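Have a look at the structure below before the remarks.
Just so it is clear, the model here is predicted, and its values are computed rather than measured. When a residue number appears, it is its place in the shown sequence, counting from 1. Start at 1 and go down the list; that is how both ligands and their atoms are numbered.
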Amino acid sequence: MGIAEKEIKKFEQNRVVDEAIFYQAMEEIVYSIAPLLESDARYQKYAILERLVVPDRVIKFKVAWINDKNEIEVNTGYRVQFNNTLGPYKGGLRFHPSVNEGVLKFLGFEQIFKNALTGLPIGGAKGGSDFNPKGRSEFEIMRFCTAYMQELHKYIGARIDVPAGDIGVGCREIGYLFGAYKKITATYDGVLTGKPFVFGGSLMRPEATGYGVVYFTQAMLEMQKRESLQGKICTVSGAGNVALHTIEKLYQVGAIPVTCSDSGGMIYDPHGVDLALLQEIKNVQRGSLEKYVETRTGAKYISVSEYPIEEHPVWSTPCYAAFPCATQNELNEADAKNLIANGCMCVAEGANMPSTPQAIELFLNQKISFAPAKAANAGGVAVSGLEMSQNASMKRWSFEKVDAKLKEIMHQICKTVSLTALEYGVEGNFVDGANIAGFKRVADAMIAEGV
Ligand code: NDP
């Protein structure tokens, strides 16, 4: 292949804007809210849906930066500001090679309703880059974050748009992004959440999404008169921020999490995963899960190359409750069948939209207690909202205070979702309950604000 063809191929790869995932998210909402649209003509009169499915703006920009070999690399940066009816745009930044406009539109769209469910005054957005942080040195990450913020700073602000973390963007990256923002703008304000505690981060923000998933699950099981998580075997996918804190909280409530995974493979540890070892491998060494079995006898590592076609072995591991915490569409129909066949009674989504529509249909038909991401993983953004409050009032809350607030918010979301499902004739269907309740809050505010 000549140099010209190689260059053209690169451009073609970048040109693909795959929106299938966004349509998947949108269709779920539309089907759920159909009864609401039929029962209240205002939503159609004010064209709420037509206005909601189009982002307020999509910002797309070049990020040129210099790697450790003194070579120039170019990535694409994005911020999708979807809807700010309820408050400043709010949603995470994702650094992953799979990031494109379609993925960020799906995540930003979901974020509108999730944020609405928290009851806090925050709108919906999402952003990120196709930059792959894997294998990059600390200084490369720092230079990339600085270059990314060089453009992003023009569009964000404590009362405009407040990004946070997501896949590939943790506390370290938020720290570098904040540092760059401050230097470029000479402004010190709460423009990002998930900051390190040493300069304005909230206690409990790193834990919030995973802990929140478990709080929500406990509330849901209690409401649906199912057995609690105490003493139960649980399966978890992912080995990042959400997965590790879900595992941590599962142990705290007496459950036994036996799996985790990353993009290379999965661990099955029948006695319960060793959280300290996992934290060391993932947070300190930033290595692959394969290392886990080097020191932990009795555990099994299965690499992706050994996975059966179309099935993820995490979901064929017998369990009482399953927690998909890695990424979108990671749990398909075959996986759902495996879970049900092995006695799973509860699925709670830590990741955003990890279950395919076919899997969700099966869970609902089989009366599995199903906690959709929009509701179950809202704890992260809820504590981000609390971080914004602390920054604005120049106060810092204790771990206990934030934890108690988080628990209260997750219980409140669970109650709202359950009551909404009951009101619209779909008792126990938390997918419809979450979609209708989230949509209604935003839609009513849109009507009140005018066109
Ligand atoms: P992290 O980057 O900390 O961890 C992501 C984990 O998922 C890693 O173990 C990663 O493995 C794995 N993973 C990512 N992509 C894939 C893939 N395509 N196939 C297999 N494994 C994959 O991200 P978070 O834990 O923050 O986010 C996980 C999920 O939770 C995402 O869906 C995110 O949108 C959602 N979420 C996160 C919130 C937060 O507060 N952080 C809030 C609400 C939702 P590897 O390291 O090998 O790539």
Side-chain angles (χ1 to χ4, degrees), residues 21 25 90-99 103-104 106-111 114-115 117-118 124 126-128 131-136 141 163-174 192-194 201-202 204-213 216 236-248 259-267 273 278-279 281-283 285-292 303-304 307 312-314 323-332 348-355 372-385 387 406 410:
I21 189 87
K90 182 98 198 81
L93 299 173
R94 178 176 289 193
F95 291 169
H96 194 272
S98 64
V99 163
V103 168
L104 296 177
F106 130 63
L107 290 164
F109 186 65
E110 293 280 288
Q111 198 81 43
K114 179 190 311 196
N115 294 2
L117 283 173
T118 65
K126 204 80 187 189
F131 169 70
N132 185 359
K134 235 178 245 168
R136 300 293 189 172
I141 301 277
D166 191 77
I167 290 179
V169 179
C171 203
R172 174 182 68 168
E173 290 73 21
I174 293 290
L192 290 150
T193 57
S202 174
M204 273 249 9
R205 176 59 188 92
E207 293 86 351
T209 308
Y211 280 23
V213 172
F216 188 93
V236 178
S237 67
N241 174 286
V242 179
L244 294 189
H245 291 107
T246 298
I247 289 172
E248 185 171 54
T259 64
C260 62
S261 65
D262 64 12
S263 50
M266 70 158 281
I267 293 291
V273 292
L278 210 51
Q279 283 165 335
I281 294 169
K282 284 294 167 189
N283 297 341
Q285 301 173 17
R286 294 184 187 264
S288 148
L289 272 184
E290 208 169 350
K291 287 178 170 225
Y292 184 93
S303 116
V304 169
Y307 286 5
H312 199 303
V314 164
F323 296 85
C325 295
T327 193
Q328 62 266 14
N329 287 335
E330 57 164 310
L331 195 166
N332 63 25
E349 297 186 322
N352 280 312
M353 212 167 71
S355 314
K374 237 174 249 115
N377 75 17
V381 75
V383 172
S384 274
E387 184 172 325
L406 170 66
M410 297 316 293

Atoms of ligand 1, numbered as shown, that sit under 4.0 Å from any heavy atom of R94: 31 (C), 32 (O), 33 (C), 34 (O)

Heavy-atom proximity to atom 13 (N) of ligand 1 ranks first, among P354, S261, A326, for A326

Go through the side-chain N and O atoms of T193 and R205 and say whether any donor and acceptor fall under 3.5 Å apart. no

Closest by any non-hydrogen atom to atom 6 (C) of ligand 1: pick that one out of G240, S237, S263. G240

Nearest non-hydrogen protein atom, atom 19 (N) of ligand 1: T327 CG2, 4.1 Å

List every atom of ligand 1 that sits less than 4.0 Å from any heavy atom of R205, numbering the atoms from 1 in the order shown and giving each element. 40 (O)

Option whose closest heavy atom lies nearest to atom 34 (O) of ligand 1, chosen from D166, V213, V242, T209: D166

For atom 9 (O) of ligand 1, which protein heavy atom lies nearest, and how many Å away is it? A239 N, 2.9 Å

Heavy-atom protein contact below 4.0 Å for atom 31 (C) of ligand 1: yes

Give the residue, atom name and distance (to 0.1 Å) of the protein heavy atom nearest atom 27 (O) of ligand 1. I167 CG1, 3.6 Å

Quick one: does ligand 1 sit under 4.0 Å from the side chain of C325, the backbone, both or neither, non-hydrogen atoms only? backbone

Counting from 1, what ligand 1 atoms have a heavy atom of A351 closer than 4.0 Å? 29 (C), 30 (O), 32 (O), 35 (C)

Please determine if K126 has a nitrogen or oxygen closer than 3.5 Å to a nitrogen or oxygen of ligand 1. no

Would you say G168 contacts ligand 1, with heavy atoms under 4.0 Å as the rule? yes

Closest to atom 3 (O) of ligand 1 among protein heavy atoms sits N241 N, 2.9 Å

Check K134 against ligand 1 and report side chain, backbone, both or neither, counting heavy atoms closer than 4.0 Å. side chain

Classify the contact between Q328 and ligand 1 as side chain, backbone, both or neither, using a heavy-atom distance cut-off of under 4.0 Å. neither

